[in-house]
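Not measured: the values here are computed from a predicted model. Throughout, a chain's letter reflects where its sequence line sits, starting with A, and its residues are numbered from 1.
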Number of protein chains: 2
Amino acid sequence: MNIGEAAEATGVTAKMIRHYEQIGLIKAAGRTGAGYRVYGPNDLSTLSFIRRSRDLGFSIAQIRDLLALWQDRARASSEVKRIANEHIEEMREKMRLLQDMVGTLEHLSANCHGDARPDCPILQQLATGDAETSCC
Amino acid sequence: MNIGEAAEATGVTAKMIRHYEQIGLIKAAGRTGAGYRVYGPNDLSTLSFIRRSRDLGFSIAQIRDLLALWQDRARASSEVKRIANEHIEEMREKMRLLQDMVGTLEHLSANCHGDARPDCPILQQLATGDAETSCC
DNA sequence: CGTGCACCTTCCCATCATGTCAAGGTCAAG
DNA sequence: CTTGACCTTGACATGATGGGAAGGTGCACG
């Protein structure tokens, strides 16, 4: 199986497959006489695993660990769970930060006329750091 | 005022001030005879404006627009509000994506024993794409 | 006046995951 | 044999930021 077919089958682009090989996330694929990379069912499973991990937002480093655990028959599920929970916490933290920013900006936007006049609490806040519109 | 003092005063690192100058976000600072950049009160205001904008998650491109509006006395606040609302929507979208990932992963994690045994619904899902633990 | 230290300058490289583009080799069908 | 689709490597870009090297400047203290 060529890299293009493997890409099609797993949803990982050919570009990324080569990249993952280069950074050592996956082992180097076999080659034909002409130098084409060749992929078998095992490789496809690994690539699909990576794709699903990325879809869940795991970083390359985390995927590296997950792959190692996946291929370790003596693994403890606690370790997998730890990585997952860590990642959940990271994502929750990102959401918190976004929520804070959205909250502030929503408040400012709500107090902005949004018409042709130039005065605007959003710019006011950005310029001075004063909330001026501490209305509530 | 030196770049270091300006950085201290505004919370924008010297590194980033130079960078913003290079990409044309701020105009080139004046220089002393020796080539040191010099900053005045106006420059500090601009840098603080940028810093607050970044704290609210605006991209450089958006900040460029906001700065232009800020310096335009004939601006319409509707334009500022539009940029802000656009940004709010972007952030909400990011939160939605995160929430989806967190939801899925939480579900998997909740069904993982997290003990010394190797079987683990998280790895199961990553490997096969089957939710196996469609318990509820 | 000299020395040392903190600061400044420019320039290059790294991150992270991904995309784009270019120049050239290979394969299969017509 | 040509054409077109595919493969190869390599370089460069993104966005915002950090790190570091190599060399010049400013100031205070002895």
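- Here the CD-CG distance, from A/Gln124 to A/Leu108, works out to 10.0 Å after rounding to the nearest 0.5 Å.
- Two end axes, each from the C1' atoms of five base pairs, can be drawn for the helix from C/dC1-D/dG30 to C/dG30-D/dC1; they diverge by 30°, to 10 degrees.
- Distance alone, capped at 3.5 Å, is enough to place a donor-acceptor pair between the A/Ser77 side chain and the B/Gly114 backbone.
- Counting only residues at least two apart or in different chains, salt bridge (charged side-chain N to carboxylate O under 4.0 Å, His left out) contacts with residues 66-88 of chain B comprise B/Glu79-B/Arg82, B/Arg82-B/Glu86.
- Here the range on DNA chain D touched by chain B, meaning any atom under 4.0 Å from one of its heavy atoms, is D/dA16 to D/dG26.
- The stretch residues 6-48 of chain A participates, sequence neighbours left out, in no ring-ring contact (aromatic ring centres under 6.0 Å, His included) pair at all.
- Here the side chain of A/Glu5 pairs a donor or acceptor atom with the backbone of A/Asn2 at under 3.5 angstrom.
- Evaluation of the salt bridge (Lys or Arg N to Asp or Glu O under 4.0 Å) rule for A/Asp119 yields no partner, not counting sequence neighbours.
- With sequence neighbours excluded, no residue forms a side chain to side chain donor-acceptor pair (under 3.5 Å) with A/Lys94.
- Taking the side chain to side chain donor-acceptor pair (under 3.5 Å) definition, one finds that A/Ser109 meets it with B/Asn85, sequence neighbours left out.
- Other residues, nucleotides and ligands contribute at most 12 non-hydrogen atoms within 6.0 Å of the CD atom of A/Glu8.
- Residues passing the side chain to side chain donor-acceptor pair (under 3.5 Å) test with A/Glu21 are A/Arg37, sequence neighbours excluded.
- Spacing between atom CG of B/Asn2 and atom P of C/dC7 amounts to 10 Å, rounded to whole angstrom units.
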Which atoms of nucleotides 16-19 of chain C (N or O only) lie under 3.5 Å from a protein N or O atom, and what are those distances?
residue: C/dA17; atom: OP1; partner: A/Ile60; partner atom: N; Å: 2.8
residue: C/dA17; atom: O3'; partner: A/Arg54; partner atom: NH2; Å: 3.4
residue: C/dT18; atom: OP1; partner: A/Arg54; partner atom: NE; Å: 2.9
residue: C/dT18; atom: OP2; partner: A/Tyr20; partner atom: OH; Å: 2.8
residue: C/dT18; atom: OP2; partner: A/Arg54; partner atom: NE; Å: 3.3

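- The salt bridge (Lys or Arg N to Asp or Glu O under 4.0 Å) check on A/Arg18 picks up nothing, with sequence neighbours excluded.
- Within residues 26-53 of chain A, the residues approached by DNA chain D to less than 4.0 Å at the level of any non-hydrogen atom are A/Arg31, A/Gly35, A/Tyr36, A/Arg37, in residue-number order.
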Just list the side-chain donor-acceptor pairs under 3.5 Å for residues 51-62 of chain A, sequence neighbours left out, or say none.
residue: A/Arg51; atom: NE; partner: A/Thr10; partner atom: O; Å: 3.4
residue: A/Arg51; atom: NE; partner: A/Gly11; partner atom: O; Å: 3.4
residue: A/Arg51; atom: NH1; partner: A/Asp55; partner atom: OD1; Å: 3.0
residue: A/Arg51; atom: NH1; partner: A/Asp55; partner atom: OD2; Å: 3.1
residue: A/Arg52; atom: NH1; partner: B/Leu126; partner atom: O; Å: 2.8
residue: A/Arg52; atom: NH1; partner: B/Ala127; partner atom: O; Å: 3.0
residue: A/Ser53; atom: OG; partner: A/Phe49; partner atom: O; Å: 2.8
residue: A/Arg54; atom: NH1; partner: A/Phe58; partner atom: O; Å: 2.6
residue: A/Ser59; atom: OG; partner: A/Ala61; partner atom: N; Å: 3.4
residue: A/Ser59; atom: OG; partner: A/Gln62; partner atom: N; Å: 3.2
residue: A/Ser59; atom: OG; partner: A/Gln62; partner atom: OE1; Å: 3.4
residue: A/Gln62; atom: OE1; partner: A/Ser59; partner atom: N; Å: 2.9
residue: A/Gln62; atom: NE2; partner: A/Glu90; partner atom: OE1; Å: 3.4
residue: A/Gln62; atom: NE2; partner: A/Glu90; partner atom: OE2; Å: 3.3

